[in-house]
Amino acid sequence: MHDTFSTFDTQMSDLFDNLVFVGSLCTDYRNPLMWSHYADSHKGFCIEFDYSEKDEHTLLPFPVIYSKDIVKMPWKYCLTAEGYKNPEFSAQLMKAILTKHDVWKYENEWRILIPGTFEQNHKMPKVSCVYLGAFCTKENEQIILEIAKHNAFSVKRMTVDRGKFGFHTKTVYEP
């Protein structure tokens with residue numbers, strides 16, 4: 001029985017892995033935990049997107065739902081070949097993809113859902129700025145500057161405020 005469940009679980013994971021890809025976004029580029037968790041302790045960078053010029057092809061983000069309860073899936077629809085197309089299943093799947101435990105609420109996360117295979121082209125909003133981490137290497141800064149000059153977006157470096165908990169930005173490049 002355990003092998004049957006394990007096989008079913010593997011098959012469901014494979015199915016979902018090919019249905020949608022998830023891109024995670026945050027509303028606060030100054031959040032110190034975000035820099036620590038997702039930007040290699042300020043060695044990485046943060047990309048700011050401009051959503052003011054979207055069209056019907058631009059991938060739009062959805063707000064994450066924070067909850068103490070896990071989303072219950074109507075698994076009965078997985079037992080048929082086309083069951084995952086059922087509206088009830090689709091709605092619960094969407095809710096599950098957008099739900100995260102409420103301990104993560106501080107992230108103010110939004111998610112972009114990318115259907116299909118990762119090889120497809122999808123239109124993202126225009127990049128308006130890239131924020132370099134306070135400890136981003138000069139080599140990576142130069143690479144990002146070259147890209148910024150060809151794509152007309154700003155580059156700013158984060159600096160740590162030594163007098164209080166916080167960050168400042170210093171403009172490195174402005175188109």
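Judged by distance alone, with hydrogens and angles left aside, the side-chain atoms of Q92 form a donor-acceptor pair with the main-chain N or O of K72 at under 3.5 Å. The backbone N or O of K105 sits nowhere less than 3.5 Å from a side-chain atom of D102 that would complete a donor-acceptor pair. Side-chain atoms of N140 never come within 3.5 Å of backbone atoms of K43 as a donor-acceptor pair (strictly under, hydrogens ignored). Judged purely by atom type and a 3.5 angstrom limit, S128 uses its side chain to pair as donor or acceptor with the backbone of E48. Checked by atom type and distance alone, the side chain of S36 never pairs as donor or acceptor with a backbone atom of P32 at under 3.5 Å.
Interatomic distance, L132 CG to L145 CG, rounded to the nearest 0.5 Å: 7.0 Å. Between the CZ atom of F45 and the OH atom of Y131 there is a distance of 14.0 Å, given to the nearest 0.5 Å. To the nearest 0.5 Å, atoms CG (L98) and CD1 (I65) are separated by 5.5 Å. Taken to the nearest 0.5 Å, the OG1 atom of T58 stands 10.5 Å off from the CG atom of D50. Rounded to the nearest 0.5 angstrom, H168 NE2 and R30 CZ are separated by 8.0 Å. Atoms NE2 and NZ, from H101 and K68 in turn, are 6.0 Å apart once rounded to the nearest 0.5 Å.
Closest non-hydrogen pair, L59 versus M124, comes out as CD1-SD, 4.1 Å. Taking every heavy atom of both residues into account, E109 and Y66 meet most closely at N-OH, 2.8 Å. In terms of heavy-atom proximity, R111 sits nearest to S24 at NE-OG, 4.1 Å. Here the closest heavy-atom approach between residue R157 and residue F135 is recorded as NH1-N, 4.3 Å. Scanning both residues, S67 and D69, for their nearest heavy atoms gives OG-N, 2.9 Å. Counting all heavy atoms, side chain and backbone alike, W35 lies closest to Y29 at NE1-O, 2.5 Å.
Here the side chains of F49 and V127 are in contact, with some heavy-atom distance below 4.5 Å. M158 places a side-chain heavy atom less than 4.5 Å from the side chain of T169. For the pair F167/D161, no side-chain contact is recorded, criterion being any heavy-atom separation below 4.5 Å from C-beta on.
Look at K126 and E53 and you find no salt bridge, because none of the NZ, NE, NH1 or NH2 atoms lies under 4.0 Å from a carboxylate O.
When hydrophobic clusters are built by joining Ile, Leu, Val, Met, Phe, Trp and Tyr residues whose side-chain heavy atoms come closer than 4.5 Å, directly or via intermediates, V172 is not grouped with V160. Note on L25: it does not cluster hydrophobically with V64, by side-chain heavy-atom contacts below 4.5 Å among ILVMFWY residues. Under the 4.5 Å side-chain contact rule for hydrophobic residues, L113 and W104 do not share a cluster. Linking Ile, Leu, Val, Met, Phe, Trp and Tyr residues whenever their side-chain heavy atoms come within less than 4.5 Å leaves Y38 and I144 in two separate clusters.
Residue E146 qualifies as enclosed at atom CD: its count of foreign heavy atoms under 6.0 Å is above 12. For F153, the CZ atom counts as densely surrounded, since its 6.0 Å shell holds more than 12 non-hydrogen atoms of other residues, nucleotides or ligands.
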Run the side-chain contact (heavy atoms from CB on, under 4.5 Å) test on M34 and D28 for me, step by step, so that the C-alpha distance in whole Å, both residues' side-chain angles and the decisive distance to 0.1 Å come before the verdict. CA-CA 9 Å; M34 300 305 283; D28 182 9; over 6 Å; no

Checking I112 against V22 for the side-chain contact (heavy atoms from CB on, under 4.5 Å) test, could you report, in this order, the C-alpha distance in whole Å, the side-chain angles of both residues, the deciding distance, and whether it holds? CA-CA 6 Å; I112 292 178; V22 178; over 6 Å; no

Working note: V155 + E141, criterion side-chain contact (heavy atoms from CB on, under 4.5 Å); need CA distance, chi angles, decisive distance, verdict. CA-CA 9 Å; V155 177; E141 179 180 327; 5.5 Å; no

